[in-house]
Amino acid sequence: MSLRFYNTLTQQVQPFEPLDTVGKVVRMYTCGPTVYDFAHIGNFRTFVFYDILRRWLKADGFQLDHVMNITDVDDKIIRNAVAQGKTLNEYTDIYTKAFLDDCATLRLERPETIARATEHIDQMAAAIHKLEEAGFTYRSDGSIYFRIAKFPEYGKLSHNDFSGMVSGARVDVDEYEKNDARDFALWKAPKAGEPNWETEIGPGRPGWHIECSVMAIQYLGATLDLHAGGVDLVFPHHENEIAQSECLTGKQFARYWVHSEFLLVDGQKMSKSLGNFYTLRDLFGRGFTPECVRYLLASVPYRKGLNFTFEGLKSAQTAIERLRNFKFRLESAKLAEGLNEELAAKATAAIAEFRASMDDDLNTAEALGAMFEYLRHANSAFDAGQFLAGNLAAAQDLLALFDSVFQVLQPTGQEGGMSEQEIETLIAARTAAKKSREFAKADAIRNELIEKGIILEDTKDGVRWKRK
RNA sequence: GGUGCGGUAGCCAAGUGGUAAGGCCAGGGUCUGCAAAACCCUUAUUCGUCGGUUCGAUCCCGACCCGCACCUCCA
């Protein structure tokens, strides 16, 4: 079966096909970070999901045209920037850079376009102007609001029924800045001490939702194939994006909406007051590697809540080691000629199952199951001397397929310490000492390396080393 | 209250109308000069509770219990 996703809009798992069936270009938009602070691991659960999505689309033969926004103007940013006496840009540059660095550390592919809200203010103003002219908005105290009563389909994404809440009609408008509780700001009136822009619709700053509509349409066209975000964005953010965009263009805004579930820490929502609030930097500071964070975040399918624990991180690290050991075995073993047909069949089956699992709404957990089940069979064959030269290519194909999505086999390089050449020289000296049964000398070399943070592993296929 | 997600072994977690993948931990074993590492094996008569449908339900239906999220700017 081919690729399919659960579409929030239809509440069904549907076969995925982009509008461009010839070039197979997928036009996708993902909601990026608001750069008011370091992103935390909950944010990165979603960003890792975007990356898995990207990589699997490519593995299935699609081309990508992916846009992600960076929200660099909002209430929190303004508040923090003012408090620190910085301009908006000075403040957001710090966290934008930190975010991009973190993404690179987690091996997240860069979207084809990263769009900053403040670089698209004029386009937003033009879109709001157009909405005004078409009668979808009203002004109140210098702000411009979207009138949801003008968009009968409002609620179709979050499956909320707002028909009973149209209200507002009897409320004295003077006492409320909005006519209807569900109306939302497209444009906010300037306030003293806050940054604002001079535009064709007057001075002010954009509301939160308009940036995504405007940038998505500008770079990808009126109708997107895929729009992704965290579940918390379904309402109101994505609902509002749909309202604005579809009123603006008269066309369906996004065909597939995919949303990732939340991450919990020890079964609870992450919060600073509970002391279970972690950034990537916190985890690296505790000695965890980027790969194990990535693996843990990727290993639970995106539509399931993910319970983040330190035990889970350790378990991810161990699982990665096992995969790396297998890779080493493939690279270093001296294999007898021939083909183990039973094992070859298992490799073929594992590759098919891995693909089928990923195609099934990105079921990463099931895909991992296929990988490990084969790994176990292959290791048994190795131990029995039944892993033959003819079995190598398929095993490497499976491992490559696995790593094209998970990206954890290559260890993150560590700086400093001994050079590889120095290490290899010492290992050779130890091997020679062992051969001449000078075990005291061999152990001395091993201890010397341990002190330098180099761990040796004697395997059947030679000596392996790694940095601690 | 409305909407959505979920409750499967010590922990994480997949899954199906026909009798429970996988990972981690733990226990056992193989290998090894020693050690470490590595590798293999074992580990749920049972899938929140109670009813119903069925030859048969963890998987379908109903009720209930519990957890999480969203309901105006939080991925």
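Remember, it's a predicted structure, so these values are computed and weren't measured experimentally. Every chain is numbered from 1 and lettered A, B, ... according to where its sequence line falls, protein lines coming before strand lines.
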A.B. asks: Sticking with atom P, work out how far B/C31 lies from B/A35, rounded to a whole angstrom.
C.D. replies: 13 Å
A.B. asks: Any salt bridge between A/D282 and A/R286, counting N to O under 4.0 Å?
C.D. replies: no
A.B. asks: Provide, to the nearest angstrom, the distance between the CG atom belonging to A/D232 and the P atom belonging to B/A75.
C.D. replies: 6 Å
A.B. asks: Given atom CD of A/E373 and atom P of B/A20, what is their separation to the nearest angstrom?
C.D. replies: 15 Å
A.B. asks: Determine the interatomic distance between C1' on B/C59 and the same-named atom on B/G2; round to the nearest Å.
C.D. replies: 28 Å
A.B. asks: Just name whichever nucleotide pairs with B/A57, Watson-Crick or G-U, keeping both distances under 3.5 Å, else none.
C.D. replies: none
A.B. asks: Regarding A/S158, tell me which of base, sugar-phosphate or nothing describes its non-hydrogen contacts under 4.0 Å with the strands shown.
C.D. replies: sugar-phosphate
A.B. asks: Categorize A/K304 for me: base, sugar-phosphate, or nothing, with a 4.0 angstrom heavy-atom threshold over every strand shown.
C.D. replies: sugar-phosphate
A.B. asks: For the salt bridge (charged side-chain N to carboxylate O under 4.0 Å, His left out) test, which of A/E457, A/E331, A/E291 pairs with A/R324?
C.D. replies: A/E291
A.B. asks: When only distance counts, do a donor and an acceptor, one from the side chain of A/K188 and one from the base of B/C73, lie under 3.5 Å apart?
C.D. replies: yes
A.B. asks: Could you give the CG-to-P distance, from A/L264 to B/C74, as a whole number of Å?
C.D. replies: 18 Å
A.B. asks: Find the distance A/I78:CD1 to B/C73:P and express it as a whole number of Å.
C.D. replies: 15 Å
A.B. asks: Answer yes or no: does a side-chain N or O of A/N307 lie under 4.0 Å from OP1 or OP2 of B/C12?
C.D. replies: yes
A.B. asks: Between A/K76 and B/C74, is there a side-chain N or O to OP1/OP2 distance below 4.0 Å?
C.D. replies: yes
A.B. asks: Measure the distance from CZ on A/F387 to C1' on B/C39 and round it to the nearest whole Å.
C.D. replies: 14 Å
A.B. asks: Using a 4.5 Å cut-off on heavy atoms from C-beta on, say whether the side chain of A/L100 contacts that of A/I114.
C.D. replies: yes
A.B. asks: A/M270 side chain: which of B/U3, B/C73, B/A75 is closest?
C.D. replies: B/A75
A.B. asks: Starting at the 5' end of RNA chain B and moving along, which residue's nearest nucleotide shows up first, A/L375 or A/H209?
C.D. replies: A/L375
A.B. asks: Phosphate oxygens OP1/OP2 of B/C71: is one of them under 4.0 Å from a side-chain N or O of A/N160?
C.D. replies: no
A.B. asks: Taking N and O atoms by type only, does the side chain of A/D458 place a donor or acceptor under 3.5 Å from a partner on the base of B/A36?
C.D. replies: no
A.B. asks: Tell me the partner of B/G62, counting only Watson-Crick (N1-N3 plus N6-O4 or O6-N4) or G-U wobble (N1-O2 and O6-N3) with both under 3.5 Å; none if nothing fits.
C.D. replies: B/C50
A.B. asks: Determine the interatomic distance between C1' on B/C74 and the same-named atom on B/C61; round to the nearest Å.
C.D. replies: 37 Å
A.B. asks: Tell me which nucleotide, if any, is Watson-Crick or G-U wobble paired with B/G4 when both distances must be under 3.5 Å.
C.D. replies: B/C68
A.B. asks: Do the side-chain N and O atoms of A/T289 and A/T412 include a donor-acceptor pair separated by under 3.5 angstrom?
C.D. replies: no
A.B. asks: Using only modelled atom types and a 3.5 angstrom limit, is any donor from either the side chain of A/N363 or the base of B/G15 paired with an acceptor on the other?
C.D. replies: no
A.B. asks: Looking at every strand, decide which applies to A/H237 at a 4.0 Å heavy-atom threshold: base, sugar-phosphate, or nothing.
C.D. replies: nothing
A.B. asks: Measuring only the C1' atom in each nucleotide, how far is B/G23 from B/C64? A whole number of Å is fine.
C.D. replies: 34 Å
A.B. asks: So if I take every side-chain heavy atom of A/A365 and compare against B/C39, B/A13, B/A75, which nucleotide ends up nearest?
C.D. replies: B/A13
A.B. asks: Using the ring of each side chain (for Trp, its six-membered ring), is A/Y154 parallel, tilted or perpendicular to A/F151, with breaks at 30° and 60°?
C.D. replies: perpendicular
A.B. asks: Which value, in whole Å, describes the distance between the P atoms of nucleotides B/A44 and B/U32?
C.D. replies: 32 Å
A.B. asks: Base, sugar-phosphate alone, or nothing: which one does A/H40 contact when heavy atoms must sit under 4.0 Å apart?
C.D. replies: base
A.B. asks: For A/N325, which contact category applies under a 4.0 Å heavy-atom criterion: base, sugar-phosphate, or nothing?
C.D. replies: sugar-phosphate
A.B. asks: Working note: A/F310 + A/Y278, criterion ring pair (Phe, Tyr, Trp, His ring centres under 6.0 Å); need CA distance, chi angles, decisive distance, verdict.
C.D. replies: CA-CA 11 Å; A/F310 285 105; A/Y278 301 112; 5.2 Å; yes
A.B. asks: Evaluate ring pair (Phe, Tyr, Trp, His ring centres under 6.0 Å) for A/Y145 paired with A/F184, printing each intermediate quantity in order.
C.D. replies: CA-CA 5 Å; A/Y145 295 93; A/F184 57 91; 8.8 Å; no
A.B. asks: What's the gap between B/U58 and B/U53 when it is taken at their C1' atoms, as a whole Å value?
C.D. replies: 16 Å
A.B. asks: Strictly below 4.0 Å, N to O, side chains only: are A/R430 and A/E448 in salt-bridge contact?
C.D. replies: no
A.B. asks: Considering heavy-atom distances to RNA chain B, does A/V234 or A/G312 have its closest nucleotide positioned more toward the 5' end?
C.D. replies: A/G312
A.B. asks: Describe the nucleic acid contact of A/Q11 in one word from base, sugar-phosphate, nothing, applying a heavy-atom distance below 4.0 Å.
C.D. replies: sugar-phosphate
A.B. asks: Is any side-chain heavy atom of A/S299 closer than 4.5 Å to a side-chain heavy atom of A/L368?
C.D. replies: yes
A.B. asks: Nearest whole angstrom, please: distance from the P of B/A75 to the CZ of A/F235.
C.D. replies: 17 Å
A.B. asks: If you look at every strand shown and take non-hydrogen atoms under 4.0 Å, does A/R446 touch a base, only sugar-phosphate, or nothing?
C.D. replies: base
A.B. asks: Quick check for you: among B/G33, B/A75, B/U3, whose closest atom lies nearest to any side-chain atom of A/D443?
C.D. replies: B/G33
A.B. asks: Parallel, tilted or perpendicular, judged at 30° and 60°: which one describes the rings of A/Y302 and A/F49?
C.D. replies: parallel
A.B. asks: Give A/L263 one of three labels, base, sugar-phosphate or nothing, depending on what nucleic acid heavy atoms sit under 4.0 Å from its own.
C.D. replies: base
A.B. asks: Under 4.0 Å, heavy atoms only, any strand: does A/A319 hit a base, just the sugar-phosphate, or nothing?
C.D. replies: sugar-phosphate
A.B. asks: Should B/A26 form a Watson-Crick or G-U wobble pair with both distances under 3.5 Å, which nucleotide is its partner?
C.D. replies: B/U42
A.B. asks: Both distances under 3.5 Å, Watson-Crick or G-U wobble: report the partner of B/A14, or none.
C.D. replies: none
A.B. asks: Below 4.0 angstrom from OP1 or OP2 of B/G23, is there any side-chain N or O of A/R322?
C.D. replies: yes
A.B. asks: For atom C1', what is the distance between B/C47 and B/A9, given to the nearest Å?
C.D. replies: 10 Å
A.B. asks: Measure CG/A/L456 against P/B/A36 and give the value in whole Å, please.
C.D. replies: 14 Å
A.B. asks: In whole angstroms, how far is the C1' atom of B/C71 from the OH atom of A/Y154?
C.D. replies: 10 Å
A.B. asks: Can A/F439 be classed as stacking with the base of B/G33, given a centroid separation cut-off of 5.5 Å and a plane angle cut-off of 30°?
C.D. replies: yes
A.B. asks: Below 4.0 angstrom, which residues in residues 295-303 of chain A have at least one non-hydrogen atom near RNA chain B?
C.D. replies: A/V300, A/P301, A/R303
A.B. asks: May I ask you to establish whether A/R464 and A/F328 are in a cation-pi arrangement, using a distance under 6.0 Å from NZ or CZ to the six-membered ring centre and at most 45° from the ring axis?
C.D. replies: yes
A.B. asks: How are the rings of A/F406 and A/F402 set relative to one another: parallel (under 30°), tilted (30 to 60°) or perpendicular (over 60°)?
C.D. replies: parallel
A.B. asks: Of all the nucleotides listed (B/A75, B/G22, B/A14), which has the minimum atom distance to the side chain of A/F372?
C.D. replies: B/G22
A.B. asks: For B/A21, which nucleotide is its Watson-Crick or G-U wobble mate, given both distances must be under 3.5 Å?
C.D. replies: none
